[in-house]
Amino acid sequence: MSKGKVKSEEINKTIRAEDNWEPVGPTPMPEISDLRRWDMRLLNTYKPFYAPFCDLCCFCTYGKCDLTGEKKGACGINISGQQGRWALMFSLMGCSAHGAHARHLVDYLIDKYGEDYKIDLGGQVAVEAPHMRTVMGLKPETLGDLRKGIEFVERGIIHGVSATHMGQEGSSLDFESKSLHIGMLDHVVMEVADIAQTIGFKFPTSVAETPLSGLGWGAVDKSKPVVTCVGHNAAVATVMIDQLMKMGIYDQVEVTGICCTAHDNIRYSDKAKIIGPLSKQLFFLRTGIADLVLTDEQCVRCDIPELAKATGSALIATSDKISYGLDDVTHKEVDEIVRMITQEGKQVLIRDVDKAGEVAAKVLPIVAKGRKKEIATKEKATELAKECKQCGLCDRVCPNLLNISDATADVRDGKFEKMADLFAKCVGCGKCEQECPKSIPIITIMQAATAWDTFNIRVGRGPIQDVEIRKVGAPIVLGTIPGIIAIVGCSNYPEEAEEVVEIAEEFAKRKYIVVLSGCAAMAAGMKKDAEGKTIYERFKPDFDAGGVLNVGSCVANAHITGAAMKVANIFAKLPLRANYEVIADYILNRVGAVGLAWGAYSQKAFCIGTGCNRMGIPVVLGPHSAKYRRLYLSRKEEDDWTVMDGRKKELINTEEPSPEHLSIVVESKERAIITMAKLCIRKNDTAQGRQLKLNHYISLYKQHMGTLPDDLQNFVRNDKDIPIVYKKEVAEYLKNVGWKPKPLLTLPTLIGTYESNIPIDAVVK
Amino acid sequence: MSLPLHYVNVLTGLKGCRVIEDAQALGKIIKKAERPLLVFGPRCIDIDLGGKKAIEYGIELAKALGAATCATAHTKKKLLECGVTPDSAYDAVEIINHLKDPNWKGVKKLGNHDIVMFLGMRTDFGNQGLSTLKHYAPHLKTITLCPYVYPHASFSLANMKADKWKEYLENLVKSLK
Ligand code: SF4
Ligand code: SF4
Ligand code: SF4
């Protein structure tokens, strides 16, 4: 897309185009439609699949408009357009949450260290910011450069939001293209946020074997003063930890956290502990174990002031994104705020990071004094459940469709097995209690049912090292490491969180690379084997075959997708700089990476997934994600799987649906495992690599479905692809279904299959 | 409009299902199908109805009707154990994606289906899939066979307890024979 002279000059200045680390590629700092043709090419194969949650649109005063059947709204939009608009809005919400988070961190750190503060991710990470390099064309060197990344994304967000206004965009495909664009920008700001906090707070980087930290509600020593940080931004917590050290009492208190702030706290200090994922927020806060609750931003319950009041925990809100209607005391002196909290029992908002951290440390030992923290006993729980009249109203409101009334009935009789099972599946919303006409505190009863166990989690390690990429680049692209399995996202799980452990373990044992982040990384640590070891203690922490690693909080997801980009760059020597289309095409066709967001619930998770999709990484979602209402699915038998052979420059119909979908929801863990194994298949696999991938696909399919895969013929290109162990039965099967060998390729690419400014040679290196 | 058992599935719109209280009446509707399809979801593997699994009722029903079958999630294995080879093993959203296309060949390659029945899905996930079909597949009718109101289905059972449901399924199978 041609840009005006002034705009081009502005871009060149921003990215320092004259720096010749790599030539500037075709799309420096792309605007919302600059990669539209790539999107349309993707959307041609992976068509949007919509499952409307609401039949109506109520966006403007013309409405409500019924959009069923052929009906259009008063503005002319139809149901697909409306779903596309939701998709764009979700992406915008997610990207904005990460963007504002990154903005807060970078502004804070620039204030502290100046904009020339250098980016240094240690000796093992030279390609420091693959997303910024690839999307913007900027190789960031300082905090000031990181701010450029945020400004670039902020501009994209305004444009995106404007398109959601009534009477603007109407085409579902264009909404999707914009949504994909915002998804791409999301990975840029996540990268910015994680680099900023890594350099600013001196998180570990360039090491694989980070320490282990305590995990689980049972890991907390409640006899000590306990502070619990809730949210995603650890800035205040780092200051608080410093202050606690300065006061000489850090080892006499417990710094704990829920959700991603907890991840980043343990990166700052491995003595800090993680309580658990988002789904345990209400449960833990209800126990009153926290003497002080410190909220920051994202995925924080809206009723924490009420919860804290009920248990007598003190509360400091620290973000202007979540102010709770509290008095803003930012302008007051530290001692005065401490007095207000400790003597007047006030809940306060402090918008200054340093002040909030200092106040938190100072109030903690005071507010903890004399507090009784009693966990509900079995006797107490039985007593509480006595009132249950078995009306079943709780069952009707449970978003996880759980049978609460049966569990409560058992507790009435002193039996806790069903309640323990319920707790394991509970996503922690509290709706059951709210509905109960007898006001039975079901969440409190759960305290008596759960085991108060202690687990270990490996501290998030941040970026994947360049040397690791050098080692695994070839095996990934050839297929001899069967895939990268990224298990990410929130904790809205359909069943027990333990399913995450089972899935991770299945792939680690099969020598895939298993990378975790966010709440999923916590869930993965919450199961021990017979020897009492968690998955983090059983598998090596390397980005290598059979490794299980935690990159860190949600914003560290950018390092997982960044690793795929680095494979294209470090192994395949493709330039990243402003070269998004080529890099995405490379990943789609050659890097067998797949994401699993088994409990995705937030708009951030939606946006992260959408960003993965634009760069060619398929995502498998758990059943709750059907409520996101949009997927990207192909139809394997019906669709055209023609690609360009980059070397021969010929169009070839491969007849191979790989990867088959870009975004799919599945209902069971078993199906998720099978689907992920299949989605790791790429057109570029060598025969040896394909054999290995099919070996896993077949063995998993047989294990869970009882037969050979019924689409096996789609993925066997010739005899050499057939895994030796299954040779005979596969050959027989192929004969029965009338399989014929497929054309061979030397270099698969979508470039050249659609109108694009990118020459085919750009993908050949 | 009957409320769904799980409020997460409450209808925000005007076009809701018709609840068919009487198994015989539902049988009549189903019998009109030329190319019926029964989609099995994973929950029917474990649901026990007085010694008989829900999946077995599904099998009986498909047999009585001569309906084509689709095993979603990991139900294929259980169907095989029950001695039934499903006509297809797509995952739920995949079969729904195909069903949207009026020109699709169908699981038996005899043309797209005209009545599609669902048994054994999570109600929230199922209701979302049914929404897709309600909006994008006007050429077919959807029927849910689980004991919950599914607002996005064309025809749904009422919310009912296990014993009533067992009775309903038995009567339904009888009416199809
Ligand atoms: S935005 Fe369009 S469809 Fe929505 S309420 Fe307004 S006129 Fe109706
Ligand atoms: S708190 Fe747990 S059990 Fe209660 S309604 Fe929510 S998810 Fe269901
Ligand atoms: S809503 Fe309350 S009284 Fe009714 S079944 Fe549930 S726990 Fe018992």
Side-chain angles (χ1 to χ4, degrees), chain A residues 47 49-56 58 64 66-70 79-80 83 392-393 395-401 431 435 494 622-629 631 633-638 660-661 664-675 701-707 709-711, chain B residues 3-16 41-43 45 71-81 85-86 88-94 96-98 100-101 103-105 109 120-136 138 148 151-152 159 161:
Chain A
K47 298 192 173 56
F49 170 98
Y50 294 124
F53 213 23
C54 309
D55 297 349
L56 308 176
C58 54
K64 301 171 181 175
D66 177 15
L67 300 178
T68 50
E70 300 287 305
I79 191 75
S80 296
Q83 302 316 298
L393 282 173
D395 303 335
R396 298 193 73 164
V397 294
C398 178
N400 214 12
L401 322 177
K431 289 209 260 180
E435 203 68 17
H624 281 293
S625 297
K627 291 177 267 177
Y628 279 141
R629 53 204 103 162
L631 303 170
L633 302 178
S634 84
R635 288 173 62 197
K636 55 189 161 200
E637 296 101 340
E638 272 75 10
E660 190 173 325
H661 306 297
I664 182 168
V665 166
V666 300
E667 198 178 348
S668 68
K669 159 192 87 187
E670 293 81 357
R671 190 74 189 203
I673 291 173
I674 295 167
T675 306
Y701 197 98
K702 283 187 135 194
Q703 183 183 334
H704 298 300
M705 306 283 261
T707 62
D710 58 2
D711 57 359
Chain B
L3 276 179
L5 181 77
H6 299 122
Y7 289 169
V8 65
N9 297 323
V10 75
L11 180 72
T12 31
L14 300 164
K15 193 178 163 189
R43 293 209 159 186
I45 298 176
T72 69
H74 56 287
T75 48
K76 182 178 179 180
K77 191 170 183 181
K78 189 72 200 174
L79 284 171
L80 292 169
E81 282 166 18
T85 305
S88 62
Y90 293 106
D91 207 13
V93 294
E94 293 177 319
I96 288 168
N97 200 26
H98 281 308
K100 275 162 50 189
D101 173 4
N103 300 317
W104 181 49
K105 59 187 188 294
K109 300 193 172 49
M121 291 175 147
R122 276 182 72 100
T123 63
D124 49 1
F125 179 63
N127 201 44
Q128 283 303 95
L130 288 158
S131 166
T132 302
L133 293 174
K134 178 173 100 176
H135 284 279
Y136 296 100
Y148 314 106
H152 284 311
N159 298 321
K161 294 253 176 330

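If you're wondering where the values come from, they're calculated on a predicted model, not measured in any experiment. In the text below, chain A, chain B and the rest are named by the order of the sequence lines, each starting its count at 1.
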Legend entry - Validation row: B:Val93, A:His661 side chains within 4.5 angstrom (heavy atoms): no
Inset, instruction - Heavy-atom distances under 4.5 Å only: say whether A:Leu631 touches chain B with side chain, backbone, both or neither. - result: side chain
Inset, instruction - Show the numbers, then the answer: is there a side chain to side chain contact (heavy atoms under 4.5 Å, CB included) between A:Val665 and B:Gln128? - result: CA-CA 11 Å; A:Val665 166; B:Gln128 283 303 95; over 6 Å; no
Inset, instruction - With sequence neighbours left out, write down each residue that passes side chain to side chain contact (heavy atoms under 4.5 Å, CB included) with A:Pro399, or none if nothing qualifies. - result: A:Val427, A:Cys429, A:Lys431
Inset, instruction - Output all residues satisfying salt bridge (charged side-chain N to carboxylate O under 4.0 Å, His left out) with B:Lys77, sequence neighbours left out; order by chain, then residue number. - result: none
Inset, instruction - Look at atom NZ of A:Lys636 and say whether more than 12 heavy atoms of other residues, nucleotides or ligands are closer to it than 6.0 Å. - result: yes
Legend entry - Contact leader toward chain A among B:His135, B:His6, B:Glu81, where contacts are heavy-atom pairs under 4.5 Å: B:His135
Inset, instruction - State plainly whether the residues A:Glu638 and B:Lys105 are in salt-bridge range, i.e. N to O under 4.0 Å. - result: yes
Legend entry - Contact check, side chains of A:Asp66 and B:Lys15, non-hydrogen atoms, under 4.5 Å: no
Inset, instruction - Please look at B:Lys134 and chain A and tell me whether the side chain, the backbone, both or neither of the residue comes under 4.5 angstrom of a heavy atom of that chain. - result: side chain
Inset, instruction - Run the salt-bridge test on B:Lys109 and A:Glu637 with the 4.0 Å N-O cut-off and return the result as yes or no. - result: no
Inset, instruction - Can you tell which part of A:Leu633 gets under 4.5 Å to a heavy atom of chain B, answering side chain, backbone, both or neither? - result: both
Inset, instruction - Name the option with the most non-hydrogen atom pairs under 4.5 Å to chain A; the candidates are B:Arg122, B:His152, B:Lys76. - result: B:Arg122
Inset, instruction - Against chain A, label B:Asn127 side chain, backbone, both or neither, depending on which of its atoms sit under 4.5 Å from a heavy atom there. - result: neither
